[in-house]
Amino acid sequence: MNFLMKTIRFTNLPGDGIGPEVMSVALEVLQKTGSIHGFACETTTHDVGGAGIDNHGNALPDATLDACRAVDGILFGSVGGPKWENLPPKEQPERAALLPLRKAFKLFANLRPGNLFPELADLSPLRSDVASAGIDVLCVRELTGGIYFGQPKSTKTLEDGQKEAIDTMVYRTGEIERITEVAVKAAALRNKRICSVDKANVLETSVLWRQTVTKLIHKLDPSIELTHMYVDNAAMQLVRDPNQFDVLLTENMFGDILSDELAVICGSLGMLASASLGTGTNSNGFPYGLYEPAGGTAPDIAGKGLANPCAQVLSAALMLRYSFGLEEAALAIENAVKETIRSGLRTGDIAQGAESVGTKEMGDAILSRLH
Ligand code: NAD
């Protein structure tokens with residue numbers, strides 16, 4: 001081995017259902033990408049979710065968390081399934097594994113690329129003249145602030161017998177600045193256009209959001225083309241003409257809704273990856289991150305070798321980009337997936353009734369197209 005070779009250190013947490021099947025493809029792809037692009041992968045596999053409950057009595061076993069603390073990022077599969085559905089909500093695999101991981105690593109930035117390859121345009125619910133060009137939009141969502149977490153948050157019974165519920169939307173400049181920085185860095189790797197989404201005609205938090213974003217982007221990189229849009233308009237524009245956007249930057253609740261809208265217009269859960277980045281930097285000087293497919297454990301096809309590995313493979317590419325600064329290697333993986341789709345190969349979820357291949361064949365096709 002070349003003694004100058006960089007080593008990237010991450011844990012892989014396959015989880016449940018199709019998780020282990022698609023994770024093994026992603027790991028092979030990472031190993032091969034490393035051998036081409038000059039890095040070695042050091043990774044260990046740990047139980048999480050249902051596998052954690054079954055083998056250790058806990059969806060996020062201590063050993064798994066300790067292993068994650070010792071590395072620079074997490075490649076996550078997905079967790080949950082019918083076997084654990086009857087557990088109390090707090091012990092459900094998704095809630096009991098992902099929420100503590102988000103908390104432990106202060107994952108405040110959620111990046112969801114919405115990619116629809118033109119070859120898969122028929123999978124999109126959008127009109128064909130809109131979808132045929134493909135879609136390439138990145139949604140950057142603030143993940144730990146806003147109305148989901150603001151205090152006070154309560155329900156009480158009033159004197160007249162009615163019930164009253166309160167949620168509070170709070171943002172501080174520091175929270176807005178750190179997510180804006182993430183969007184600026186992400187935009188620098190794309191087309192340098194950011195559309196910040198808010199509701200500044202109604203909400204005080206949005207007025208502060210707009211002022212803070214404008215000021216910081218002007219300071220960090222005035223060459224970025226910054227626009228602002230109200231969230232109701234953004235929801236419409238996303239289905240009317242998604243490619244008018246490059247990077248969408250928004251707060252927690254608006255991002256929750258817009259990123260799901262983006263996912264659905266892109267057609268298939270089996271193709272979509274996501275990244276959640278933490279505060280501070282890892283040992284490489286990049287953000288610590290958790291990288292996972294947008295879909296779940298797909299119990300209907302689990303164990304049959306039919307799952308689409310693309311979302312997990314594309315999550316690995318995001319990990320190289322954001323937590324290890326390996327942009328060329330990330331692009332190589334994304335291009336290999338693109339070329340595989342272009343070649344006509346399809347797993348069942350994207351075949352639309354036509355002939356399809358299994359997880360392994362799709363994975364081998366991606367591996368063979370890595371340069
Ligand atoms: P799901 O995403 O698992 O499945 C929805 C549909 O999409 C299914 O028909 C499935 O076969 C298909 N699908 C998803 N990913 C696919 C892939 N890679 N290849 C081919 N087809 C794919 O959603 P669900 O059925 O609502 O949830 C199933 C389980 O997954 C539940 O226990 C849920 O809690 C869990 N879940 C976990 C996560 C996570 O770990 N982050 C996210 C969502 C759902």
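No hydrogens, no waters, no symmetry mates; every other heavy atom, side chains included, goes into these values. Order of appearance sets the numbers: ligands from 1, and atoms from 1 within every ligand.
Side chain to side chain, Tyr291 and Ser323 meet the donor-acceptor criterion of an N or O pair below 3.5 Å. A donor-acceptor pair shorter than 3.5 Å cannot be found between the side chains of Lys106 and Thr144.
For ligand 1, the protein residues placed under 4.0 Å by at least one non-hydrogen atom are Ile18, Ser78, Val79, Gly80, Gly81, Glu94, Leu98, Leu269, Gly270, Glu292, Gly295, Gly296, Thr297, Ala298, Pro299, Asp300, Ile301, Ala307, Asn308, Asp349.
Atom NZ of Lys215 sits in a sparse spot, with 12 or fewer heavy atoms from other residues, nucleotides or ligands closer than 6.0 Å. Shown here is Arg193, whose CZ atom has more than 12 heavy atoms of other residues, nucleotides or ligands within 6.0 Å.
The pair Lys192-Asp246 does not count as a salt bridge, with every side-chain nitrogen at least 4.0 angstrom from each carboxylate oxygen.
Among residue pairs with one or both ends in residues 13-30, none qualify as side chain to side chain donor-acceptor pair (under 3.5 Å); sequence neighbours excluded.
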